Amino acid sequence: MISPGTILTEDLEFEKARNEGCIIEARQGNLRVYGPGKITAYGSHQVTVNGRPIMRSVNQFIVV
C-alpha cells in the first residue's frame with residue numbers, strides 16, 4: 001500500500017497507485033488543481049483522474 005503523502009513520479013508508482021485504487025490529488029505548488037480521485041489511466045504526458053486528463057509535467061500527484 002502506498003502511504004498518504006507520497007508524491008508519484010515514476011510510471012511504476014502510477015501503476016501501483018492505479019492498481020491499489022489509491023485516492024490522489026493533483027497539485028501545482030500548494031494549490032490543489034484536481035481531486036481527490038482515482039487514477040484511471042496514465043501516460044508519459046498526462047495522468048487521467050476520474051476521466052479528466054491532467055498534464056504530468058506541470059503538476060504533482062500526491063496520495064491522500
Side-chain angles (χ1 to χ4, degrees):
M1 184 84 177
I2 301 175
S3 301
T6 300
I7 298 173
L8 307 175
T9 57
E10 303 294 326
D11 285 346
L12 185 60
E13 295 168 325
F14 285 104
E15 179 73 18
K16 186 173 181 181
R18 184 183 71 167
N19 290 342
E20 292 181 2
C22 293
I23 304 297
I24 62 107
E25 289 181 348
R27 295 184 187 170
Q28 289 182 7
N30 289 327
L31 179 64
R32 183 178 69 192
V33 294
Y34 192 76
K38 292 184 180 181
I39 297 172
T40 54
Y42 68 93
S44 58
H45 300 291
Q46 68 184 25
V47 175
T48 305
V49 179
N50 292 343
R52 180 175 181 207
I54 303 168
M55 295 299 297
R56 205 166 153 170
S57 60
V58 295
N59 294 288
Q60 286 185 322
F61 299 89
I62 303 170
V63 177
V64 294

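Please read all numbers here as calculations on a predicted model, not as lab measurements.
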Point to revise | Any residue meeting side chain to side chain contact (heavy atoms under 4.5 Å, CB included) with Ile7, in chain and number order, not counting sequence neighbours | key: Thr9, Gln60, Ile62
**Study point:** Val63 to Cys22 - nearest heavy-atom pair and separation
**Key:** CG1-CB, 4.3 Å
Exercise for review: State which residues pass side chain to side chain donor-acceptor pair (under 3.5 Å) with Asn50; sequence neighbours excluded, sorted by chain then number.
Suggested key: none
Review point. Hydrophobic clusters join Ile, Leu, Val, Met, Phe, Trp and Tyr when side-chain heavy atoms are under 4.5 Å apart, directly or via other members; which others share one with Leu12?
Key: none
Check your understanding: Restricting to pairs with a member in residues 4-15, which pass salt bridge (charged side-chain N to carboxylate O under 4.0 Å, His left out), not counting sequence neighbours?
Key -> Asp11-Arg56, Glu15-Arg18
Exercise for review: Could you work out the complete set of other residues in the hydrophobic cluster of Val33, with links drawn between I, L, V, M, F, W and Y side chains under 4.5 Å apart?
Suggested key: none
Study note, to complete from the structure: Residues at least two apart in sequence or cross-chain that pass salt bridge (Lys or Arg N to Asp or Glu O under 4.0 Å) with Glu25, listed by chain then number, are Arg27, Arg32
Revision key, fill the gap. Correct closest heavy-atom pair for Pro36 and Val64 would be CB-CG2, 4.1 Å
Study note, to complete from the structure: Quick note, ring pair (Phe, Tyr, Trp, His ring centres under 6.0 Å) partners involving residues 18-40, not counting sequence neighbours, are none
Practice item. Please say which of Ile2, Leu8, Ile39 ends up in a side chain to side chain contact (heavy atoms under 4.5 Å, CB included) with Lys16. Key: Ile2
Study note, to complete from the structure: Contacts satisfying ring pair (Phe, Tyr, Trp, His ring centres under 6.0 Å) that involve residues 35-64 (not counting sequence neighbours) are Phe14-Phe61
Exercise for review: For residues 34-52, pull every pair meeting salt bridge (charged side-chain N to carboxylate O under 4.0 Å, His left out), keeping only residues two or more places apart or in separate chains.
Suggested key: none
**Study point:** Residues forming a side chain to side chain donor-acceptor pair (under 3.5 Å) with Asn30, sequence neighbours excluded
**Key:** none
**Study point:** All side chain to side chain contact (heavy atoms under 4.5 Å, CB included) counterparts of Thr40, not counting sequence neighbours
**Key:** Thr48
